[in-house]
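Contents: one structure, followed by commentary.
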Amino acid sequence: MEKRVRLRFAPSPTGGLHMGGVRTALFSYLYAKKHHGDFILRIEDTDQTRYVKGAEEYIINALKWCGIEPNEGVGFGDGPYAPYRQSERKELGIYKRYADRLIESGHAYLAFDTSEELDEMRKRLEAAKVVAPQYNAVTRQNMRNSLTLPEDEVKKLVESGAPYVVRLKVPRNEEIRFHDIIRGWVTVNSSQVDDKVLLKSDGMPTYHLAHIVDDIEMKISHAVRGEEWLPSAPSHILIYRYLGLESEMPQLAHLPLILKPDGNGKLSKRDKSGLPMFPINWHDERTGESYIGYRESGFTPDAFINMLALLGWNPGDNREIMTKDELIANFSFERVNKSGAKFDPEKTKWFNQQYLRMQTDEQLADSAMPLLEAKGIKKDKAFVKEFCRLVKEKAHFVTEFYDLGSYFFVAPTSYDEKVMAKKWNENSKSTYTKLTEKLSGLDNWNINSIHDLFTAAEPELGKIDMQLVRVLTTGVAGGAQLFDMLALLGKEEVVTRLKNALSKL
RNA sequence: GGCCCGUUCGUCUAGGGGUUAGGACGCGUCCCUUUCACGGACGAAACACGGGUUCGAUUCCCGUACGGGCUACCA
């Protein structure tokens with residue numbers, strides 16, 4: 001029987017979820033939806049020391065805003081495999097059971113070494129010019145563990161409550177081969193793999209043990225994660241194998257990393273490009289640092305998701321703007337790239353612009369209204385709607401609307417110097433004074449009538465410079481369609497602005 | 001350092017033994033426009049390098065270089 005498709009997103013609550021994490025969640029979500037499977041949120045909070053308050057809630061809210069909602073797991077209604085928080089699962093003794101199984105079968109052992117002893121070992125190895133000091137088949141022979149200590153001493157130590165960790169007993173020289181849906185076959189020799197800690201001395205499992213146990217128990221079909229996990233995958237294969245669960249192992253997919261726009265390296269929390277790294281605003285209570293989100297920067301979730309999906313994946317044709325349903329219908333891990341992708345802020349903005357243009361003026365007005373109100377501007381919906389129609393063309397974000405057309409709300413106090421220097425001459429004052437008079441006499445104030453008035457006035461006044469009219473009424477050299485703009489401003493406002501400008505010149 | 005992964009225009013990418021190497025962002029020119037934009041047309045711009053294999057390699061193989069990741073009782 002074909003295994004039911006079940007994918008999990010399993011972040012650890014050690015900080016805000018950045019876009020790399022969101023993309024991992026997105027790809028898992030897309031695949032799960034495409035195959036009518038489940039998408040699960042599991043919280044991997046096994047590191048007490050790095051736990052950040054608010055991170056879990058942030059992850060949930062971020063996924064909600066992005067529209068990539070799990071149908072099972074923390075914050076989304078527990079399913080049949082609850083609990084979905086690893087700290088809670090640890091209390092149930094789940095991980096210890098598996099660790100014990102490995103100890104019993106001789107594939108894991110107890111290690112009593114203190115951190116000082118481990119440091120000493122590393123220093124000793126470095127002094128002996130060992131390039132990669134690690135706890136492994138060779139070095140464990142000189143350490144204090146259940147493989148080197150006499151049986152009764154181990155027993156005594158355990159009974160006396162001495163702290164110990166459980167380590168995986170990795171063979172000395174064995175080829176480990178595994179398949180990755182994105183990368184194909186990968187082979188590593190076990191001599192490169194260290195004896196990973198499975199259970200920490202506080203009883204908590206490490207990621208290595210915990211994610212395997214949970215993926216098995218939660219019947220996960222595909223384990224999707226970042227490329228940074230590729231080097232530890234051989235250890236994971238061994239754990240599945242020694243547990244006798246290799247046949248139930250989820251398929252592996254290691255995603256390429258998202259790189260910084262300029263230079264190289266993994267994307268970091270802050271970037272010079274000025275674009276956010278987080279889906280929604282994130283405030284780290286521990287460090288006191290705040291990061292702005294895509295949501296607050298004016299991105300729509302659809303645009304954000306679309307952009308992320310195309311970072312490292314493509315549908316195989318030239319389509320770029322795709323709805324979520326289209327992404328779901330076309331997604332496959334086979335079409336995910338192997339190489340890391342530099343994230344491009346310009347292209348990212350372009351995505352939002354495309355989505356902005358798909359919105360009606362009505363929808364844009366709904367988004368713009370609160371932003372304008374926040375600036376103390378009170379205009380009715382009809383005015384704002386027309387304002388949106390006029391400024392949207394060159395905007396990438398609704399949040400830019402005000403800056404693009406602040407002259408709709410505030411009369412100018414200065415006039416673009418370049419344009420004035422170039423176009424204002426001794427005749428201008430009389431020409432535009434007469435134009436102002438004609439405008440103030442216009443009864444039916446609308447786009448067409450204003451246009452007609454200009455045309456009709458030219459034989460008498462001579463050539464009217466459109467840009468000069470623009471600068472006289474708005475103060476700036478560029479902006480919305482002139483006649484449309486004048487029409488929206490209203491006769492009184494336009495005449496007042498013109499008179500005011502003329503009196504100063 | 002060691003191990004693993006990767007490498008097509010500046011960036012995101014399509015393609016894949018024989019192509020004028022395609023698209024998108026950005027950039028430039030022109031057209032449209034009594035202003036400002038949108039838009040349209042066009043253009044510059046890439047197979048990292050060296051060896052094989054082959055009639056033929058950007059495509060397959062091997063090296064080199066470069067980039068990235070990992071190298072914790074962190075995930």
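Labels below follow one simple rule: chain letters A, B, ... track the order of the sequence lines, proteins then strands, and each chain is numbered from 1.
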Exercise for the section: Could you check how far CD of A:Gln48 sits from P of B:C74, rounded to whole Å? Expected result: 10 Å

Exercise for the section: Please state whether the base of B:C73 and the side chain of A:Ser201 form at least one donor-acceptor pair under 3.5 Å? Expected result: yes

Practice task
Between B:A44 and B:G52, how far apart are the P atoms? Round to whole Å, please.
Solution key: 34 Å

Handout entry: Side-chain donor-acceptor contact under 3.5 Å, A:Arg124 with A:Asn142
Key = no

Practice task
Can you label the angle between the A:Phe331 ring and the A:Phe27 ring as parallel, tilted or perpendicular, going by 30° and 60°?
Solution key: tilted

Problem - Residue matched to B:G1 through Watson-Crick or wobble contacts both under 3.5 angstrom - result: B:U71

Exercise for the section: Check the chi torsion on B:C55 and let me know: syn if it falls within 90° of 0, anti if not. Expected result: anti

Fill in the blank from the handout: Scanning all shown strands, the Watson-Crick or wobble mate of B:G6 with both distances under 3.5 Å is B:C66

Problem - B:A24 - base-pair partner by Watson-Crick or wobble geometry, distances under 3.5 Å - result: B:U11

Practice task
Could you give the distance separating B:C70 and B:C60 at their C1' atoms, to the nearest angstrom?
Solution key: 29 Å

Problem - Distance, rounded to the nearest Å, where A:Lys260 contributes NZ and B:G67 contributes P - result: 14 Å

Exercise for the section: Taking only the side-chain nitrogens and oxygens of A:Arg167, find out if one of them lies under 4.0 Å from OP1 or OP2 of B:A72. Expected result: no

Problem - Test of ring centre spacing under 6.0 Å for A:Phe299 and A:Phe304 - result: no

Practice task
On the 0 to 90° scale, with breaks at 30° and 60°, tag the A:Phe333-A:His222 ring pair as parallel, tilted or perpendicular.
Solution key: parallel

Practice task
Give A:Arg389 one of three labels, base, sugar-phosphate or nothing, depending on what nucleic acid heavy atoms sit under 4.0 Å from its own.
Solution key: nothing

Practice task
Check whether any side-chain N or O of A:Thr206 sits under 4.0 Å from OP1 or OP2 of B:C74, and answer yes or no.
Solution key: no

Practice task
Using atom CG of A:Leu125 as one end and atom C1' of B:G1 as the other, report the distance to the nearest whole Å.
Solution key: 14 Å

Fill in the blank from the handout: Mate of B:C30 across any strand shown (Watson-Crick or G-U wobble, both atom pairs under 3.5 Å) is B:G40

Handout entry: Residue whose nearest RNA chain B nucleotide is more 5′ - A:Leu118 or A:Gln192
Key = A:Gln192

Practice task
Would you please confirm or rule out a distance under 4.0 Å between OP1 or OP2 of B:U13 and any side-chain N or O of A:Asn314?
Solution key: no

Exercise for the section: For A:Arg23 and B:C12, give me the distance from atom CZ to atom C1', rounded to whole Å. Expected result: 12 Å

Review item, nucleotides 44-46 of chain B N/O atoms under 3.5 Å of protein N/O:
none

Handout entry: Ion pair check, A:Arg389 and A:Glu386, cut-off under 4.0 Å
Key = yes

Practice task
Please state whether the phosphate of B:G6, meaning OP1 or OP2, lies under 4.0 angstrom from any side-chain nitrogen or oxygen of A:Arg183.
Solution key: no

Fill in the blank from the handout: Checking A:Asp195, A:Asp113, A:Asp194 against A:Arg140 for salt bridge (charged side-chain N to carboxylate O under 4.0 Å, His left out), the one that qualifies is A:Asp195

Practice task
Could you tell me whether the phosphate oxygens of B:G68, OP1 or OP2, come under 4.0 Å of any side-chain nitrogen or oxygen in A:Lys342?
Solution key: no

Problem - Pairwise C1' distance for B:A41 and B:U33, with rounding to whole Å - result: 16 Å

Handout entry: Aromatic ring proximity, centroids under 6.0 angstrom, A:Tyr207 and A:Trp229
Key = yes

Exercise for the section: Round to a whole Å and report the spacing from CD of A:Glu320 to C1' of B:A14. Expected result: 11 Å

Handout entry: Qualifying residue, where the test is side chain to side chain contact (heavy atoms under 4.5 Å, CB included) with A:Met307 and the options are A:Phe351, A:Tyr355, A:Trp350
Key = A:Phe351

Handout entry: Contact under 4.0 Å: A:Asn337 side-chain N or O vs B:A14 OP1/OP2
Key = yes

Handout entry: Given A:Thr114, A:Asp119, A:Leu118, the one that forms side chain to side chain contact (heavy atoms under 4.5 Å, CB included) with A:Glu116
Key = A:Thr114

Handout entry: Rounded distance in Å between the P positions of B:C47 and B:U53
Key = 24 Å

Completion exercise
B/S/- along nucleotides 32-37 of chain B (protein heavy atoms under 4.0 Å) is --BBBS

Handout entry: P gap between B:G63 and B:C4, integer Å
Key = 11 Å

Exercise for the section: Check every strand shown and say whether A:Val197 touches a base, only sugar-phosphate, or nothing at a heavy-atom separation below 4.0 Å. Expected result: sugar-phosphate

Handout entry: Watson-Crick or G-U counterpart of B:A57, or none if no pair lies under 3.5 Å
Key = none

Handout entry: B:A65 to B:A75 separation - P atoms, rounded to the nearest Å
Key = 35 Å

Practice task
Starting from P on B:C5, measure out to CH2 on A:Trp229 and report it in whole angstrom.
Solution key: 18 Å

Practice task
Could you tell me how the ring of A:Phe278 sits relative to the ring of A:Tyr291: parallel (under 30°), tilted (30 to 60°) or perpendicular (over 60°)?
Solution key: tilted

Exercise for the section: Taking atom P in both B:A21 and B:G26, compute the distance separating them and give it to the nearest angstrom. Expected result: 26 Å

Practice task
Return the 5'-most residue of the pair A:Glu44, A:Leu310 with respect to RNA chain B, ranking by each residue's nearest nucleotide.
Solution key: A:Leu310

Practice task
Please check the phosphate of B:A24 (OP1 and OP2 only) for any side-chain N or O of A:Lys349 closer than 4.0 Å.
Solution key: no

Practice task
Classify the angle between the aromatic ring planes of A:Trp424 and A:Tyr432 as parallel (below 30°), tilted (30 to 60°) or perpendicular (above 60°).
Solution key: parallel

Exercise for the section: Whole angstrom is fine here: how far is it from CD in A:Gln134 over to C1' in B:G1? Expected result: 13 Å

Exercise for the section: Calculate the interatomic distance between A:Met358 atom CE and B:C38 atom P; express it in whole Å. Expected result: 18 Å

Handout entry: Main-chain N/O of A:Ala477 paired to A:Gln467 side chain as donor or acceptor, under 3.5 Å
Key = yes

Problem - Gap in Å between the two C1' atoms, one belonging to B:G67 and one to B:A48, rounded - result: 11 Å

